[in-house]
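Since this is a predicted model, take the numbers as computed values, not measurements.
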Amino acid sequence: LERLSSLLRAEEWKIGAEYNLQPIQLQMLRYLHICNRYSNTPIAVTDYFALTKGTASQSLKLLEAKGLISKQPDAKDGRLVHLAVTQRGVEVLAAIQQQSLLPRVCETMESAEQQAIGNALVDLLRLMQRAEPIKSYGFCATCRYHQVESEGKFRCGLTGEPLLPEE
């Protein structure tokens, strides 16, 4: 795992340099691309990456200045800001994905091999999260509050709000 992590970090530095972005900024952009309205706020980004508010704020300002993300006020609470990846940000992420070695290598593996590795990594992640009581992040579909109402209709059991299929 350490060697894989080292290779991935080196690749992030290399790819990030092409876009004048630090690895944490690339990671933030990826995170904001997949997260939903419950976790697309500056404080959620700060918590997810375990950063100081200042460090997170500076990185988010840079992403916004480069036109990769935008800020949008919350419809219900004007004090709350949501972050969204812009079309330019999506294009950069797509270009980065094409350059990234890991997905290309994974594509050469058999489907059963991909599934076995994916399952093992998810199991390892769960064990580590249970062993260390830190805030966990994931997808709504894996959340204990996620409710399936009917085909294609979902609800957050915590807030009572309906969830879009992409959330």
Side-chain angles (χ1 to χ4, degrees), residues 1-74 77-107 109 114 117-143 146 156 163-164 166-167:
L1 283 175
E2 179 58 36
R3 185 62 187 136
L4 282 171
S5 180
S6 177
L7 288 171
L8 292 171
R9 276 193 309 269
E11 183 180 54
E12 274 193 333
W13 278 104
K14 179 183 172 193
I15 292 173
E18 294 178 34
Y19 296 92
N20 200 24
L21 296 170
Q22 299 292 320
I24 188 63
Q25 294 155 352
L26 285 178
Q27 293 167 12
M28 286 177 165
L29 192 59
R30 284 187 193 114
Y31 169 82
L32 289 169
H33 187 61
I34 63 168
C35 70
N36 64 28
R37 61 190 149 134
Y38 295 106
S39 52
N40 68 354
T41 63
I43 193 67
V45 172
T46 302
D47 288 348
Y48 182 80
F49 290 104
L51 300 170
T52 65
K53 288 181 183 179
T55 299
S57 177
Q58 289 305 310
S59 290
L60 292 170
K61 282 181 186 177
L62 185 134
L63 291 172
E64 185 178 22
K66 289 182 177 288
L68 302 175
I69 66 169
S70 65
K71 292 181 181 176
Q72 302 161 353
D74 185 83
D77 183 350
R79 299 169 296 172
L80 190 60
V81 174
H82 294 278
L83 305 167
V85 177
T86 64
Q87 183 58 40
R88 168 90 176 111
V90 171
E91 291 166 4
V92 167
L93 285 171
I96 288 169
Q97 180 72 13
Q98 288 180 342
Q99 294 175 270
S100 185
L101 181 62
L102 184 61
R104 288 184 286 145
V105 169
C106 288
E107 287 173 1
M109 300 167 65
Q114 289 178 12
I117 290 171
N119 289 342
L121 290 171
V122 167
D123 289 345
L124 178 60
L125 176 62
R126 283 189 183 127
L127 288 170
M128 290 181 73
Q129 287 175 328
R130 286 184 192 132
E132 184 64 32
I134 56 174
K135 197 172 200 177
S136 167
Y137 287 84
F139 296 100
C140 282
T142 63
C143 177
H146 183 259
C156 175
L163 298 170
L164 300 171
E166 58 270 17
E167 292 180 304

message: Using every non-hydrogen atom in the two residues, find where P42 and V81 come nearest and quote the distance to one decimal.
response: CD-O, 3.4 Å
- prompt: Salt bridge between E91 and K66, side-chain N to carboxylate O under 4.0 Å?
  reply: no
task: Would you indicate whether the side-chain heavy atoms of L60 and L32 approach each other to under 4.5 Å?
output: yes
field: Nearest heavy atoms of L51 and T55, plus distance in Å
entry: CD2-CG2, 4.2 Å
- prompt: Can you tell me how far CG of N40 sits from NZ of K71, rounded to the nearest 0.5 angstrom?
  reply: 12.5 Å
Pairs touching residues 51-62 that satisfy salt bridge (Lys or Arg N to Asp or Glu O under 4.0 Å), sequence neighbours left out: none
- prompt: Do the side chains of R3 and L7 get nearer than 4.5 Å, heavy atoms only?
  reply: yes
- request: Provide the closest heavy-atom pair for M28 versus S59 in the form atom of the first, atom of the second, distance.
  value: SD-CB, 3.5 Å
Nearest-0.5 Å distance that lies between atom CD in E18 and atom CG in L26: 10.0 Å
- request: State, to 0.1 Å, how close V85 and L29 come at their nearest heavy-atom pair, and which atoms those are.
  value: CG2-O, 3.8 Å
query: Under 3.5 Å, is there a donor-acceptor pair linking the side chains of R9 and S5?
result: yes
message: Heavy-atom count check: over 12 atoms from other residues, nucleotides or ligands less than 6.0 Å from D123 CG?
response: yes
task: Tell me, with the steps shown, if L163 and H146 meet side chain to side chain contact (heavy atoms under 4.5 Å, CB included).
output: CA-CA 9 Å; L163 298 170; H146 183 259; 3.8 Å; yes
query: If every non-hydrogen atom of L21 is compared with every non-hydrogen atom of L63, which pair is closest and at what distance?
result: CD2-CD2, 4.0 Å
message: Could you measure the distance from the CD atom of Q87 to the OG atom of S70? Nearest 0.5 Å is fine.
response: 11.5 Å
task: Start with the C-alpha distance between I96 and R30, add both sets of side-chain angles, then the distance that settles side chain to side chain contact (heavy atoms under 4.5 Å, CB included), and finish with yes or no.
output: CA-CA 10 Å; I96 288 169; R30 284 187 193 114; 3.6 Å; yes
message: Measuring from atom OG of S6 to atom CG of L1, what distance do you get when rounded to the nearest 0.5 angstrom?
response: 12.5 Å
field: Closest approach of E11 to Q99 (non-hydrogen atoms, all atoms of both residues)
entry: OE2-O, 3.8 Å
task: Count the heavy atoms belonging to other residues, nucleotides or ligands that lie under 6.0 Å from CG of L127, then report whether that count exceeds 12.
output: yes
- line: Output for pair (L102 CG, L4 CG), nearest 0.5 Å, gives 8.0 Å
query: Can you check whether S39's main-chain N or O pairs, donor with acceptor, with Y31's side chain at less than 3.5 Å?
result: yes
query: If you measure from OG1 on T86 to CD1 on I69, what distance do you get to the nearest 0.5 Å?
result: 8.5 Å
message: Are the side chains of L121 and I117 in contact, using a 4.5 Å heavy-atom criterion?
response: yes
